[in-house]
Number of protein chains: 2
Amino acid sequence: MEDVQLKLSSQVCFPIYSASRLITKAYRPYLEEMGITYPQYLVLMVLWENDGLTVNQITEKLLLNTNTLSPLLKRMEKMELLHRNRSSEDERSVIVHLTEKGKNLKAQARPIPENLIKILLTENINLSDVIQLKDMLNEWIRILTENDKNLK
Amino acid sequence: MEDVQLKLSSQVCFPIYSASRLITKAYRPYLEEMGITYPQYLVLMVLWENDGLTVNQITEKLLLNTNTLSPLLKRMEKMELLHRNRSSEDERSVIVHLTEKGKNLKAQARPIPENLIKILLTENINLSDVIQLKDMLNEWIRILTENDKNLK
DNA sequence: TACATTTGCATCGTGCACGATATTAATGAC
DNA sequence: GTCATTAATATCGTGCACGATGCAAATGTA
């Protein structure tokens, strides 16, 4: 059989793509209770850890551009999860602060990671496998981010 | 530091999400030459391997639903990459066939996987690591697909 | 053979992603 | 100080994803 490389089953990118979608889907029931989506949950995690970041600082942490984040933050502001204010020091920057409602969701989110990992850990995959996978993906992210920068 | 689990850096789902987006982005320059997107490339790969599948058979291979695939296939038909015809045996089914144009793209796509893997393989990550990662993700996909089915 | 159920596909609405482009503020060069 | 350049966001258009819903063909059941 020729063209083995063009077979879906021999590709590594397709499993990453599918796993990403399925994981987002697995999060959905938990996040739905909180009235948020997975990308919104990511924004909240960033702000729970470090409130008062600029839009640009959030883009760097989530590896998303402003053309994705601006409308997303706008929706979250409308949902009263956060405020957006121009920085007085640099009028170009927009600083994002959590509202009380946004802060309070943290308590509700606390059990989510453990619930997810419970689904994923099986007799075939243990925690050290997961950590190894995380490290490997982070190395790829480093490479791909670098590669992307060089194309511009 | 409490709430370590809610820190972005300690999550494994976020690297999968980011890596997926970055990989799609890395594919883009190659696919742009062919005038297609990554999901369209996936459909082509499925059909190159096995032409004349029904929409349902494609959804099973790509783990996508018809509400994603129907418009996608419609766009690809408009681009003259494939034809969609109702099955005469089962009038509910739609059978998808590649056009000559769609078939011919295979030659152009042949070098893509190798180019991508060249970017990803480094001194820190070798081919057996990649295969291990692929196997692990496929196991997760199996679990998550099962988990998703149980919720319905 | 009626009729409820299931199956295969499509449509609709919403929310990402992201390239391209625009806008305004800050910075740099002279 | 003037003007080009850069930086920080925002907007627009297009293409996914996906839950919810609709619809017609096939299947199952009494």
Side-chain angles (χ1 to χ4, degrees), chain A residues 14 17-29 31-32 35-43 53-60 62-79 81 84-96 144-145 148 151-152, chain B residues 14 17-29 31-32 35-43 53-60 62-79 81 84-96 144-145 148 151-152:
Chain A
F14 175 63
Y17 162 79
S18 296
S20 174
R21 287 179 25 249
L22 287 167
I23 286 174
T24 303
K25 206 178 215 169
Y27 266 101
R28 205 184 311 279
L31 298 180
E32 218 160 45
I36 59 175
T37 65
Y38 184 70
Q40 292 170 6
Y41 169 66
L42 293 179
V43 169
L53 295 178
T54 66
V55 173
N56 201 32
Q57 287 170 321
I58 300 175
T59 66
E60 281 166 14
L62 296 183
L63 308 179
L64 289 166
N65 288 323
T66 60
N67 53 2
T68 298
L69 266 177
S70 282
L72 205 164
L73 293 172
K74 218 169 170 179
R75 281 188 289 273
M76 292 178 78
E77 188 174 39
K78 192 179 279 183
M79 294 160 71
L81 297 173
R84 298 181 303 153
N85 296 302
R86 289 275 161 191
S87 165
S88 52
E89 292 160 25
D90 186 338
E91 283 287 333
R92 293 170 306 179
S93 292
V94 169
I95 298 178
V96 182
L144 289 167
T145 306
D148 188 47
L151 295 179
K152 287 168 185 169
Chain B
F14 175 63
Y17 161 79
S18 296
S20 174
R21 287 178 26 248
L22 287 167
I23 285 174
T24 304
K25 206 179 216 173
Y27 265 102
R28 205 183 310 278
L31 299 179
E32 217 159 46
I36 59 175
T37 65
Y38 184 70
Q40 291 169 7
Y41 169 66
L42 293 179
V43 170
L53 296 178
T54 66
V55 172
N56 201 31
Q57 287 170 322
I58 299 175
T59 67
E60 281 167 14
L62 296 183
L63 308 178
L64 289 167
N65 288 323
T66 60
N67 52 4
T68 297
L69 265 178
S70 283
L72 205 163
L73 293 171
K74 218 170 173 180
R75 282 188 289 274
M76 292 179 78
E77 187 174 39
K78 191 179 278 183
M79 296 160 69
L81 296 173
R84 296 182 304 153
N85 296 301
R86 288 274 159 192
S87 164
S88 52
E89 292 160 24
D90 186 338
E91 283 287 334
R92 293 171 304 177
S93 293
V94 168
I95 299 178
V96 182
L144 289 167
T145 306
D148 187 48
L151 293 180
K152 288 171 184 170

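Here is how names work: the chains are called A, B, and so on, in the same order as the sequence lines, proteins then strands, and each is numbered from 1. Basis for what follows: all heavy atoms, side chains included, without hydrogens, waters or symmetry-related copies.
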Taking only N and O in the side chain of [X], is any of them less than 4.0 Å away from OP1 or OP2 of [N]?
X       : N     : answer
A:Ser93 : D:dT9 : yes
A:Asn56 : D:dA8 : yes
A:Thr66 : D:dT9 : no

Can you see which heavy atom on [X] is nearest to which on [Y], and at what distance?
X       : Y        : value
B:Arg21 : A:Leu62  : NH1-O, 3.8 Å
B:Ala26 : A:Leu144 : CB-CD2, 3.9 Å
B:Tyr17 : A:Ser20  : CA-OG, 3.5 Å

In whole angstrom, give the distance that lies between atom [atom1] of [X] and atom [atom2] of [N].
X        : N      : atom1 : atom2 : answer
B:Glu60  : C:dT7  : CD    : P     : 12 Å
B:Ile95  : C:dC9  : CD1   : C1'   : 13 Å
B:Leu31  : C:dG19 : CG    : C1'   : 15 Å
A:Leu73  : D:dA8  : CG    : P     : 16 Å
B:Ile58  : C:dC9  : CD1   : P     : 9 Å
B:Asn85  : C:dG8  : CG    : C1'   : 16 Å
B:Asp148 : D:dG19 : CG    : P     : 7 Å
A:Asn65  : D:dC12 : CG    : P     : 18 Å

Can you list the residues that meet the side chain to side chain donor-acceptor pair (under 3.5 Å) rule with B:Tyr38, with sequence neighbours excluded? none
Flag the pair B:Leu81 / B:Ile36 as yes when at least one side-chain heavy-atom distance between them is below 4.5 Å, and no otherwise.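 Side chain of B:Leu81 against side chain of B:Ile36, heavy atoms only: contact under 4.5 Å found.
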Do the side chains of B:Leu31 and B:Gln40 get nearer than 4.5 Å, heavy atoms only?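 No; the side chains remain at least 4.5 Å from each other.
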Salt bridge (Lys or Arg N to Asp or Glu O under 4.0 Å) partners of B:Arg84, counting only residues at least two apart: B:Glu77
Salt bridge (Lys or Arg N to Asp or Glu O under 4.0 Å) partners for B:Arg92, two or more places apart: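 Listed in chain order: B:Asp90.
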Closest nucleotide among C:dA10, C:dG19, D:dA10 to the A:Val94 side chain: D:dA10
Considering only D:dT11, C:dG8, D:dA10, which nucleotide approaches the side chain of A:Lys74 most closely?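 Of D:dT11, C:dG8, D:dA10, D:dT11 is nearest to the side chain of A:Lys74.
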Classify the nucleic acid contact of B:Thr54 as base, sugar-phosphate or nothing, counting any heavy atom under 4.0 Å across all strands shown. sugar-phosphate
Review item, nucleotides 22-26 of chain D N/O atoms under 3.5 Å of protein N/O:
from, atom 1, to, atom 2, distance (Å)
D:dA26, OP1, B:Glu91, N, 3.0
D:dA26, O4', B:Arg92, NE, 3.4

Protein and nucleotides 14-17 of chain D: nitrogen or oxygen contacts under 3.5 angstrom:
from, atom 1, to, atom 2, distance (Å)
D:dC16, OP1, B:Thr37, OG1, 2.7
D:dC16, OP2, B:Gln40, NE2, 2.8
D:dC16, OP2, B:Arg75, NE, 2.7
D:dC16, OP2, B:Arg75, NH2, 3.1
D:dC16, O5', B:Arg75, NH2, 2.4
D:dA17, OP2, A:Tyr17, OH, 2.5

List the residues meeting side-chain contact (heavy atoms from CB on, under 4.5 Å) with A:Thr66, not counting sequence neighbours, and say none if there are none.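 Scan of A:Thr66 (side-chain contact (heavy atoms from CB on, under 4.5 Å), adjacent residues dropped) gives A:Val55, A:Thr59, A:Ser70.
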